[in-house]
Amino acid sequence: MDHSIIHKESGPDAVFMLQDYEQARTEFTWDRARSRLSGLPGGGLNIGYEAVDRHLVAGHGGREALRCIAADDTVTRLTYAELGGLTGRFANVLTALGVGRQERVFTLLGRCPELYTTVLGTLRSARAVPALLGLRARARAAAAGAG
């Protein structure tokens with residue numbers, strides 16, 4: 001499978017955050033990193049809000065937020081507005097199911113739009129998503145009799 005490199009589109013409003021990796025690494029401070037976060041409107045910090053909602057608040061709902069390329073080369077693109085709608089819907093489903101704040105939500109999805117919807121929707125609703133690194137691959141290997 002041959003995949004071309006994805007290049008960001010440049011334009012008058014394009015701002016690339018990492019121009020020089022070595023300079024960024026040398027000058028990095030946690031205080032500067034924290035200052036770039038928007039924070040929740042009522043105070044506090046939520047990574048789901050930082051990843052999606054702050055872009056909506058800034059009027060960037062039509063910009064591409066996520067691009068997924070499947071094994072069959074199918075490309076799925078989601079704007080911030082679309083991703084915000086999906087993550088909000090998932091957060092509402094968790095609430096309707098009675099999943100409380102700070103409870104854990106597990107997923108074994110591969111890297112597809114639904115994974116990002118699940119993770120960001122879970123985080124934006126103040127629930128936790130524990131990492132299951134490598135578990136999906138191990139489950140496939142076990143199912144195939146490899147271990």
Side-chain angles (χ1 to χ4, degrees), residues 1-11 13-18 21 24-25 28-147:
M1 190 176 327
D2 184 29
H3 293 288
S4 60
I5 296 174
I6 298 172
H7 297 281
K8 290 186 177 183
E9 297 174 15
S10 61
D13 62 344
V15 177
F16 300 108
M17 299 301 292
L18 189 59
Y21 172 78
R25 188 183 63 78
F28 177 82
T29 67
W30 282 109
D31 288 335
R32 188 175 299 131
R34 281 186 200 98
S35 74
R36 291 184 177 146
L37 299 173
S38 297
L40 292 169
L45 183 64
N46 180 294
I47 192 64
Y49 179 87
E50 295 295 328
V52 180
D53 299 293
R54 74 179 176 130
H55 298 283
L56 297 173
V57 170
H60 302 147
R63 289 189 182 172
E64 187 175 73
L66 180 66
R67 183 183 308 168
C68 292
I69 303 173
D72 66 357
D73 288 333
T74 303
V75 178
T76 303
R77 292 177 171 86
L78 293 175
T79 64
Y80 284 107
E82 293 167 329
L83 189 57
L86 291 169
T87 59
R89 185 174 168 196
F90 189 79
N92 290 338
V93 166
L94 293 176
T95 299
L97 290 172
V99 179
R101 291 173 56 91
Q102 300 181 355
E103 285 192 60
R104 294 170 291 202
V105 175
F106 295 90
T107 179
L108 289 175
L109 290 165
R111 291 189 184 192
C112 58
E114 293 80 8
L115 170 68
Y116 298 95
T117 297
T118 300
V119 170
L120 292 170
T122 301
L123 294 173
R124 84 183 269 193
S125 62
R127 293 158 175 111
V129 183
L132 298 174
L133 302 173
L135 211 96
R136 189 168 176 260
R138 284 195 296 267
R140 272 187 304 202

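The basis for the numbers below is simple: all heavy atoms, side chains too, and nothing from hydrogens, waters or symmetry mates. Each residue takes its place number in the sequence, starting with 1. Because the structure is a prediction, the values reported are computed rather than measured.
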Measure the [atom1]-[atom2] distance between [X] and [Y] for me, rounded to the nearest 0.5 Å.
| X | Y | atom1 | atom2 | value |
| --- | --- | --- | --- | --- |
| Arg36 | Asp31 | CZ | CG | 12.0 Å |
| Arg101 | Thr95 | CZ | OG1 | 9.5 Å |
| Leu115 | Leu66 | CG | CG | 9.5 Å |
| Gln102 | Arg127 | CD | CZ | 10.5 Å |
| Phe106 | Leu109 | CZ | CG | 14.0 Å |
| Glu82 | Thr117 | CD | OG1 | 10.5 Å |

Does Arg54 have any salt bridge (charged side-chain N to carboxylate O under 4.0 Å, His left out) partners at least two apart in sequence or in another chain, and if so, which?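 Listed in chain order: Glu50.
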If every non-hydrogen atom of [X] is compared with every non-hydrogen atom of [Y], which pair is closest and at what distance?
| X | Y | answer |
| --- | --- | --- |
| Ser125 | Ala91 | CB-CB, 3.6 Å |
| Gly62 | Thr79 | O-CG2, 3.5 Å |
| Thr107 | Thr118 | CB-CG2, 4.1 Å |
| His60 | Tyr80 | O-CD1, 3.4 Å |
| Leu123 | Asn46 | O-ND2, 2.9 Å |
| Gly48 | Arg124 | CA-CB, 3.9 Å |

With the side chain counted from C-beta on, respond yes when Tyr116 and Leu86 share a heavy-atom pair under 4.5 Å apart, and no when they do not.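 No, too far: nothing below the 4.5 Å cut-off.
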Non-hydrogen side-chain atoms of Val57 and Ser38 separated by less than 4.5 Å: no
Other residues, nucleotides and ligands only: do more than 12 of their heavy atoms fall within 6.0 Å of OH on Tyr21? no
Audit row: Leu120, Phe90, side-chain contact (heavy atoms from CB on, under 4.5 Å) steps and yes/no: CA-CA 9 Å; Leu120 292 170; Phe90 189 79; over 6 Å; no
Between Thr74 and Asp72, a side-chain donor and acceptor under 3.5 Å: yes
